[in-house]
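Chain letters run A, B, ... following the sequence lines, proteins first, then strands; residues in each count from 1.
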Amino acid sequence: MDTIRLAQLLFPDVTETPEQVEARYPARELPEGAKVTRMAPSPTGFMHLGNLFGAVVDERLAHQSGGIFYLRIEDTDKKREVEGGVELILDTFRKFGLPFDEGATVDGDNGAYGPYRQSRRASIYHVFVKQLVERGYAYPCFCTEEELAEMRAQQEANKENFGYYGKYAKYRDCPLEEIESRIANGESYVIRFRSPGSIENKVRHTDLVKGNLELTENDQDIVLLKSDGIPTYHFAHVVDDHLMHTTHVVRGEEWLATLPVHLQLFDVMGWKRPKYVHTAQLMKMDGGSKRKLSKRKDPELALSYYYQQGIPVPAVMEYLMTLLNSNFEEWRRANPDASINDFPFSPKKMSVSGSLFDMEKLRDVSKNVISRMTADEVYDLVSAWSADNDPEFHALFVRSPETTRAFLSIGRGGKKPRKDVAFWSEMKAYMDFLFPELFRPDYSGMPESTADDAKAILTEYQEIYDPADEMSVWFDKIKALADRHGFAPETKLYKKNPEAYKGPVGDVSMVLRVAVCGRTNAPDLYSVMQLMDRGEILRRLSAAAQA
RNA sequence: GGCCCGUUGGUCAAAGGGUUAAGACACCGCCCUUUCACGGCGGUAAUACGAGUUCGAAUCUCGUACGGGUCACCA
């Protein structure tokens, strides 16, 4: 077989040599040990928690070592591509604070190793495929979809391995004359790899997460170039990561199955293999069993959903980090105010088995993250979130910024900050009673001990309430009120001698709290009342007395 | 079905031949507290199973079971 003639027949327009292409991608000048990583998503218009999971690893690996983290768009499948997909990717990463050093932009490129969209790299792939054809490592295949399906059915029936290999590689040794006539006939074809491997052989590989692996060698003549001339992931991965000088390929463990293909391609091309970091999949509970997070089945794990729910970005990042490196939580306790980027991330500490996504844990992480924020930070974030997701609440939230900020300051800071809110979407329910528009009192929480006295307590309190009172004076008045109605003015007195009283002073203040806040749980009552309008408070006390 | 990866409490996980098998979330109890939240103290709960190697196994080996992934002109 004259492979040079075949290559010329298949790629008459390719004039560049592999050497010329390589020359355009010189080695990167980076400090010793610097890692080059990439995020390589498809613009499917959907960003998933799993995408972020891997991207955090990429970003940390690169930036922790003084290296490069870049974005490459894998748009080799036109069927899955969505308008605005790239924009969404860029947008998401900006939102989650993972800065790309180079790569695709909304309408172009930023960096010297582009183009960063695979759809714009067709001519580059063709140069290398042409070379493979010349070397006898690639050939055209004219099989139709039906033929391949038939083959597969037969393999299933025979209990043989599936795929295009060995005796099933129909066009592997097709004579040049037949190829010429088929092409002349306008038949559609793909370019396949002529795999030199055998399933009798094993290939060794050391993965940064999985450790030492012994895999079966690839014997499949996989497709290199689809009939539209666009490469498959396998070939694009090898060519791009070689040319762009990626040192560490981070991807989900579902790629482990095709790793032998990639290793073989790197070897045949004569290129240095990158290091691989195959991360365990994020799992989800589905019925009684675990399964991989799925884009189709788990829309609630879309990052857009996270934004809608108001799950704070740093909380998501911290949660992912706890899954990624289990010593992160310990580090965080020791360094509560340090930037997450100061944490010494290590791929070696990553779990080899898939972990279950746990919303409860995320809530806990988020509460802690929020409790460490200042009132001003919370104000700004809730303001931004509500503007996009709950305009009605937003209007109330920003109506009196000073009052809102003061409310957010209650119980904030210090050693034991309050942790009431996990997600921004919960903020409305947490502070709704501040706004007459949202106030819907529920009096059912009135303590039973006050059944006979609640009305009198509320009525009397309207007389003695004075917003100008200091906290101690304010509380003294409540104690006196309690005393007059047969309640212990000190909790300790009540505990010492419960029979002597109807209840402790707490029951009396609970009556006031329920009247003013409309519920039994709220931040410090004195602080809250200081923020509210006197007339509104009196109205509520009076309304509760009527109820 | 072939190939590959995995399996420590409900969940995330530490322990890399010798520990009473950490810790966190959740749950339960107590304490603190004018409510709640926070915080403190305590509790329930785990090495999938079976062999082997070894003085000694969660840890090494093999088998079984179970779970996951993959076997496209998708990535």
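- Per the geometry, CZ belonging to A:R204 stands 12 Å off P belonging to B:rC5, to the nearest Å.
- Nucleotide B:rA22: unpaired (no Watson-Crick or G-U wobble partner with both distances less than 3.5 Å).
- At a threshold of 4.0 angstrom between heavy atoms, the contacts of A:C517 with the nucleic acid are absent.
- Pair check for B:rC74 finds none; no Watson-Crick or G-U wobble contact set falls under 3.5 Å.
- Proximity of the aromatic rings of A:F343 and A:F328 is defined here by a centroid distance below 6.0 angstrom, and this criterion is met.
- Put simply, A:K226 has a side-chain N or O that comes within less than 4.0 Å of OP1 or OP2 on B:rC74.
- The gap from the C1' atom of B:rC30 to that of B:rG63 amounts to 49 Å, rounded to the nearest Å.
- Distance A:R418 CZ to B:rC32 P: 19 Å, rounded to the nearest Å.
- Taking for each of A:E74 and A:L215 the nucleotide of RNA chain B with the nearest heavy atom, the 5'-most of the two is the partner of A:L215.
- With both pairing distances under 3.5 Å, B:rC3 is matched to B:rG69 as a Watson-Crick or G-U wobble pair.
- Between B:rC5, B:rC73, B:rA26, one nucleotide has an atom nearer to the side chain of A:L256 than all others, and that is B:rC5.
- A residue-by-residue look at A:E360 and A:T491 shows that A:E360 has its nearest nucleotide of RNA chain B further toward the 5' end.
- Distance noted for atom C1' between B:rA46 and B:rA13: 11 Å (whole Å).
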**Q.** ring-ring contact (aromatic ring centres under 6.0 Å, His included) assessment of A:Y501 paired with A:F487
**A.** CA-CA 5 Å; A:Y501 306 98; A:F487 289 81; 8.9 Å; no
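- Between A:R412 and B:rC38 there is no side-chain N or O to OP1 or OP2 distance below 4.0 Å.
- Checking B:rU11, B:rU35, B:rC73 against the side-chain heavy atoms of A:T520 singles out B:rU35 as nearest.
- Contact annotation for A:K202: backbone-only contact, meaning every heavy-atom pair under 4.0 Å involves sugar-phosphate atoms and none involves a base.
- The side chain of A:F475 has B:rU34 as its nearest neighbour among B:rU70, B:rU34, B:rC12.
- The partner of B:rG56 cannot be assigned: no Watson-Crick or G-U wobble pair with both contacts below 3.5 Å exists in any strand.
- Not a single donor-acceptor pair under 3.5 Å links the side chain of A:K367 to the backbone N or O of A:D420.
- For the pair A:S351 and B:rA13, the criterion of a side-chain N or O lying under 4.0 Å from OP1 or OP2 is met.
- Closest to the side chain of A:D364, from the set B:rA75, B:rG23, B:rC25, is B:rC25.
- OP1 and OP2 of B:rG10 both lie 4.0 Å or more from every side-chain N or O belonging to A:K361.
- If you check B:rU34, B:rA75, B:rG6 against the side chain of A:D524, the one that comes closest is B:rU34.
- Side-chain nitrogen and oxygen atoms of A:K419 include at least one within less than 4.0 Å of the OP1 or OP2 phosphate oxygen of B:rG39.
- Atom CD1 of A:I222 and atom C1' of B:rC71 are 13 Å apart (whole Å).
- Side-chain atoms of A:D77 lie closest to B:rC74 of the nucleotides B:rC74, B:rC12, B:rU34.
- By the 4.0 Å N-to-carboxylate-O rule, A:R72 lies close enough to A:D241 to be salt-bridged with it.
- Between A:H205 and A:Y276, the ring center distance clears the sub-6.0 Å criterion.
- Considering only side-chain N and O atoms, A:K349 lies nowhere under 4.0 angstrom from the phosphate OP1 or OP2 of B:rA14.
- One finds no side-chain N or O of A:S353 lying less than 4.0 angstrom from the OP1 or OP2 phosphate oxygen of B:rG68.
- Residue A:T216 places at least one side-chain N or O closer than 4.0 Å to OP1 or OP2 of B:rC4.
- At the phosphate of B:rA75, neither OP1 nor OP2 sits under 4.0 Å from any side-chain N or O atom of A:T44.
- Comparing atom distances between the A:R333 side chain and each of B:rC71, B:rU35, B:rA24 picks out B:rA24 as nearest.
- Separating the CD atom of A:E329 from the C1' atom of B:rA14 is a distance of 12 Å, rounded to the nearest angstrom.
- The listed nucleotides are B:rC38, B:rA37, B:rC73; the one nearest the side chain of A:K416 is B:rC38.
- Summarising the base pairing, B:rA15 is matched to no nucleotide, lacking a Watson-Crick or G-U wobble pair whose two defining distances lie under 3.5 Å.
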